[in-house]
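What follows is one structure encoded as structure tokens, with my remarks underneath.
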Amino acid sequence: IGLAWAVFFDWSDGNIARRMKGRTDKQRLFGGQLDSLIDIVSFGVGPAVVLLSYGDFSPWFLPGAFLIVAAGVLRLSYFNVYGLVDKATFQGLAIDNNGIFLVLFFILNDLISASTFTVLLYVLVLLLATLNVSSIRTPKLSSIAWYYGIVTFTLVSTLFYGWQLMKYHQRGQTRLIYLEFWSVRTRPCQSLANGCARTILFHNIKTVTCCPVHLPINAMLSITKKHH
């Protein structure tokens, strides 16, 4: 969600700046440098942190994280000096596309295994780093139609991944209840009451009978349903 909104704000700030009248050359230069700093954080450092987190910060993922940041720095430095190839063409993949591709890629998160997803994420980050500093030419998508497309992309991504987050939260709550009651079922009889009391307070469940050493499975399921 954060990457999607970073793309939206990156597209918006340029449109706003171009509509501001009376800007001096120094103000334009300052705005350009600030924009580059924000871009490298959002679309260079951001993807690197995502990659490292999915790799559990293993040293094997450090090269990929380094390359995406280094490629982003080189890409922005080259653009700041040489600019566009012509009025509507970039040399190399514009760095904000890193955010777009990563947001779209995360649709696969629930469709494939975690290990496969992590490997493909690594491959994608390396591919984006290569394209950022490549000699290919890509069009500058600056028309109003593309801007509205980015607005739609941001809103749809926010709704979709927000729904995903809510779904994960509900799953986590269900697992939490299961684990809590599993720990109650495995405690000795003398500590059962205390464990059950903590469960009641934590989950705000008012009436639960916890006398047996082993809770019946149907009771555990009914408690889970009641919580949700």
Check against side chain to side chain contact (heavy atoms under 4.5 Å, CB included), Ile40 and Val73:
CA-CA 7 Å; Ile40 191 58; Val73 170; 3.8 Å; yes
Please find out if less than 6.0 Å separates the ring center of Phe117 from that of Phe105.
yes
Please confirm whether Tyr54 and Phe106 have ring centers closer than 6.0 angstrom.
yes
Determine whether more than 12 heavy atoms belonging to other residues, nucleotides or ligands lie under 6.0 Å from atom CZ of Arg137.
no
Please name all residues satisfying salt bridge (charged side-chain N to carboxylate O under 4.0 Å, His left out) with Asp56, sequence neighbours left out, ordered by chain then number.
none
Could you work out, with salt bridge (charged side-chain N to carboxylate O under 4.0 Å, His left out) as the rule, every residue matching Arg28, not counting sequence neighbours?
Asp25
Test log, rule side chain to side chain contact (heavy atoms under 4.5 Å, CB included), inputs Asn98 and Leu131
CA-CA 10 Å; Asn98 294 358; Leu131 292 175; over 6 Å; no
Worked check of side chain to side chain contact (heavy atoms under 4.5 Å, CB included) between Ile95 and Phe79
CA-CA 10 Å; Ile95 194 171; Phe79 176 76; over 6 Å; no
Does a side-chain heavy-atom distance below 4.5 Å link [X] with [Y]?
| X | Y | result |
| --- | --- | --- |
| Phe90 | Val85 | no |
| Leu52 | Leu62 | yes |
| Lys167 | Asp110 | yes |
| Asn80 | Ser36 | yes |
| Thr130 | Leu67 | no |
| Leu34 | Asp13 | no |
| Leu121 | Leu102 | yes |

Exercise: identify the closest heavy-atom pair between Ala71 and Val133
O-CG1, 3.6 Å
Write down the atom of Ser157, the atom of Phe153, and the distance for their closest heavy-atom approach.
OG-O, 2.7 Å
Counting distance only, does the side-chain N/O of Tyr161 pair as donor-acceptor with the main-chain N or O of Val103 below 3.5 Å?
yes
Please check this pair: side chain of Tyr147 against backbone of Trp11, looking for a donor-acceptor N/O pair closer than 3.5 Å.
no
Passing candidate, side chain to side chain contact (heavy atoms under 4.5 Å, CB included) with Ile150, options Leu155, Leu141, Ile100
Ile100
Is [Y] reachable from [X] through a run of I, L, V, M, F, W or Y residues, each pair having side-chain heavy atoms under 4.5 Å apart?
| X | Y | value |
| --- | --- | --- |
| Val50 | Leu127 | yes |
| Leu51 | Trp60 | yes |
| Leu3 | Leu104 | yes |
| Phe66 | Leu74 | no |
| Phe160 | Ile1 | yes |

Going from [atom1] on [X] to [atom2] on [Y], what distance comes out if it is rounded to the nearest 0.5 angstrom?
| X | Y | atom1 | atom2 | answer |
| --- | --- | --- | --- | --- |
| Ile38 | Asp96 | CD1 | CG | 13.0 Å |
| Phe101 | Leu124 | CZ | CG | 8.0 Å |
| Phe9 | Asp35 | CZ | CG | 13.5 Å |
| Phe43 | Leu76 | CZ | CG | 10.0 Å |

Do the side-chain N and O atoms of Ser42 and Asp10 include a donor-acceptor pair separated by under 3.5 angstrom?
no
Salt bridge check, Arg75 against Asp39: does any charged N sit closer than 4.0 Å to a carboxylate O?
no
Can you list the steps and then say if Phe61 with Thr118 is a side chain to side chain contact (heavy atoms under 4.5 Å, CB included)?
CA-CA 10 Å; Phe61 288 79; Thr118 303; 3.6 Å; yes
